[in-house]
Amino acid sequence: MQVDLYGKEAKDAKPFLKWAGGKRQLIEKIENILPSNIRKSKKIDQYFEPFLGGGAIFFHLSTNYKIKESFIYDINKELILVYNTIKNDSDELINELSYIEENFSKLNDEKRKEFYLNTRKSFNHDLIDFDFNTFSKKHIKRASQTIFLNKTGFNGLFRLNKKGEFNVPMGRYKNPKICDFKNISNVSKILKNVKIFNKSFLDSERFISEKSLVYLDPPYRPLNKTSSFTSYSQNEFNDKEQRELADYFKRISKKGAYAILSNSDPKNEDPNDEFFDDIYKEFNITRVKAKRFINRNPKKRGDINEIIVTNYPKKGVNNG
């Protein structure tokens with residue numbers, strides 16, 4: 001618990017967005033394979049998460065380990081805008097979200113759908129000339145819209161089309177929790193001492209050293225041709241990018257950093273698919289059980305294997 005850096009309340013901080021592919025279910029497995037010196041000391045000199053997403057691992061480590069420096073990255077500019085808004089002005093964001101929740105909760109189903117579609121339309125229209133680089137009151141409005149759309153949209157998806165527009169239909173929720181003020185306040189305390197970047201994972205390499213722990217959770221490789229149903233940014237992440245990431249993994253390993261990577265296991269669909277076994281052949285690959293929550297066919301939701309790759313010896317891995 002980061003009492004000295006963030007205060008006692010920070011122990012309750014957790015992801016504030018629903019996020020497809022979030023790593024809450026892998027927290028225990030990943031913690032079990034942390035380097036033994038980190039597990040014993042509960043201290044991390046430098047922590048890097050170059051594919052932040054919902055940040056489940058980041059928040060868990062930040063509230064249970066003493067971290068001197070944290071560096072978080074994501075290529076999704078809308079996501080990073082929300083993180084920066086919580087860091088810079090959580091109070092105003094909470095006020096805006098409280099106002100939205102109060103008004104939305106009073107509406108009937110038809111009016112709620114109208115409210116949702118109008119918010120989505122405004123969100124996409126403002127994208128035309130929005131300044132993502134200079135923090136302003138407009139960032140607070142946009143961050144509140146992102147959280148609202150995330151909490152009320154179908155399956156909590158954050159999906160953008162090629163133009164960068166949000167295109168998720170409305171979900172069906174009776175009383176969605178749009179403003180979790182306590183958690184947003186706690187997240188803000190943690191982010192005060194964190195360096196946040198809207199950049200590619202490659203940008204992080206220049207800061208990484210032998211003192212670093214790096215957790216990599218890239219867009220998962222689709223298990224089949226029909227499972228890649230969503231994109232979280234305008235940038236594709238295909239096999240070419242997966243190989244670039246493997247090369248990055250090798251380079252930061254040569255620097256002496258501790259590196260952990262998670263991804264889908266192609267052997268779920270094709271036992272002969274050696275894609276990850278080949279590109280990470282010089283490292284340790286562990287297959288662990290995970291739940292597949294998103295699939296168009298409910299019968300195909302359930303236990304599947306995922307892979308965890310480390311560049312150091314590991315003990316105590318629970319594959320169950």
Side-chain angles (χ1 to χ4, degrees), residues 14-25 51-56 59 74-86 93-94 96-128 130 132 138-181 183-184 187 217 219-220 222 226-235 237 291-298 301:
K14 58 185 184 293
F16 53 86
L17 292 173
K18 300 178 181 180
W19 205 255
K23 288 297 165 292
R24 292 192 195 196
Q25 62 174 321
F51 300 92
L52 182 59
F59 287 117
D74 204 283
I75 198 67
N76 186 325
K77 59 188 177 184
E78 303 288 1
L79 178 67
I80 291 301
L81 180 147
V82 181
Y83 276 92
N84 274 320
T85 301
I86 293 176
L93 177 61
I94 289 170
E96 187 72 20
L97 288 170
S98 297
Y99 177 80
I100 292 173
E101 184 175 278
E102 181 181 354
N103 285 276
F104 185 77
S105 64
K106 297 176 182 177
L107 303 175
N108 59 32
D109 289 347
E110 183 179 348
K111 290 295 184 181
R112 282 188 175 193
K113 184 174 182 180
E114 183 180 341
F115 188 104
Y116 179 89
L117 293 175
N118 285 337
T119 301
R120 190 178 71 177
K121 182 178 179 180
S122 172
F123 180 85
N124 289 334
H125 179 269
D126 290 345
L127 180 65
I128 296 171
F130 194 85
F132 285 87
K138 291 182 179 180
H139 284 232
I140 296 168
K141 176 187 175 184
R142 193 164 187 84
S144 69
Q145 290 178 331
T146 297
I147 293 173
F148 166 75
L149 292 170
N150 175 262
K151 298 295 186 181
T152 57
F154 179 73
N155 262 0
L157 292 176
F158 191 94
R159 184 179 63 198
L160 304 175
N161 61 24
K162 294 293 185 182
K163 295 180 181 179
E165 296 172 335
F166 185 83
N167 63 359
V168 177
M170 184 175 174
R172 294 183 180 180
Y173 306 99
K174 188 174 182 180
N175 294 301
K177 184 66 174 176
I178 296 166
C179 182
D180 187 346
F181 67 91
N183 187 50
I184 290 175
V187 168
D217 180 35
Y220 272 22
T226 61
S227 64
S228 183
F229 62 92
T230 184
S231 179
Y232 306 113
S233 74
Q234 295 167 268
N235 303 280
F237 206 91
K291 296 285 186 184
R292 179 193 290 181
F293 294 108
I294 297 177
N295 194 293
R296 288 170 180 162
N297 183 352
R301 297 172 188 167

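Every heavy atom of this structure was used, including side-chain atoms; hydrogens, water molecules and symmetry mates were not.
- Note on residues 100-109: pairs passing salt bridge (Lys or Arg N to Asp or Glu O under 4.0 Å), not counting sequence neighbours, are Glu102-Lys106.
- At least one side-chain heavy atom of Arg159 sits under 4.5 Å from a side-chain heavy atom of Pro169.
- The side-chain contact (heavy atoms from CB on, under 4.5 Å) test applied to Asn118 returns Glu114, not counting sequence neighbours.
- Here the closest heavy-atom approach between residue Pro15 and residue Gly55 is recorded as CG-C, 4.3 Å.
- Nearest approach of Asp180 to Lys14, heavy atoms of both residues: OD2-NZ, 3.9 Å.
- Remark: Lys141 engages Asp126 in a salt bridge (charged side-chain N to carboxylate O under 4.0 Å, His left out) (not counting sequence neighbours).
- Here Ser105 pairs with Arg112 under the side-chain contact (heavy atoms from CB on, under 4.5 Å) rule; sequence neighbours left out.
- From Phe166, atom CZ reaches atom CG of Asn150 across 7.0 Å, with rounding to the nearest 0.5 Å.
- Aromatic ring centroids of Phe237 and Phe51 lie under 6.0 Å apart.
- Contacts of Arg142 classified as side-chain hydrogen bond (donor to acceptor under 3.5 Å, both in side chains), with partners at least two apart in sequence or in another chain: Glu78.
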- Take Phe132 and Ile80, measure what side-chain contact (heavy atoms from CB on, under 4.5 Å) needs, and give me the verdict at the end. CA-CA 9 Å; Phe132 285 87; Ile80 291 301; over 6 Å; no

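- With sequence neighbours left out, the side-chain contact (heavy atoms from CB on, under 4.5 Å) criterion links Asn103 to Tyr99.
- Here the side chain of Asn155 pairs no donor or acceptor atom with the backbone of Leu157 at under 3.5 angstrom.
- Between Phe130 and His125, the gap from one ring centroid to the other reaches at least 6.0 Å.
- Contact of the Leu79 side chain with the Leu17 side chain is registered, since non-hydrogen atoms from C-beta on lie closer than 4.5 Å.
- A distance of 12.5 Å separates CG in Leu52 from CD1 in Ile75, rounded to the nearest 0.5 Å.
- Atom CD1 in Ile86 sits 5.5 Å away from atom CD1 in Ile184 (nearest 0.5 Å).
- Between Thr152 and Thr119 the shortest side-chain heavy-atom distance does not fall below 4.5 Å.
- Note: Ile128 CD1 to Glu165 CD = 8.5 Å, rounded to the nearest 0.5 Å.
- Contacts of Tyr83 classified as ring-ring contact (aromatic ring centres under 6.0 Å, His included), with partners at least two apart in sequence or in another chain: Phe16.
- Residues meeting the side-chain contact (heavy atoms from CB on, under 4.5 Å) test with Lys121, sequence neighbours left out: none.
- Rounding to the nearest 0.5 Å places CZ of Phe123 at 10.0 Å from OG of Ser144.
- Contact record, Phe154 with Tyr173: C-OH, 4.1 Å, taken as the closest heavy-atom pair.
- The environment of Phe115 atom CZ is dense: over 12 non-hydrogen atoms of other residues, nucleotides or ligands sit within 6.0 angstrom.
- Taking CG of Asp74 as the start and CG of Leu81 as the end, the distance is 12.5 Å to the nearest 0.5 Å.
- Side-chain contact between Cys179 and Ile100: absent, with no pair of heavy atoms (C-beta onward) separated by less than 4.5 Å.
- Annotation: ring-ring contact (aromatic ring centres under 6.0 Å, His included) contacts of Tyr116 (sequence neighbours excluded): none.
- Across all non-hydrogen atoms, the minimal contact from Lys163 to Asn161 is N-OD1, 2.9 Å.
- The minimum heavy-atom distance linking Thr85 with His139 is given by the pair OG1-O, 3.6 Å.
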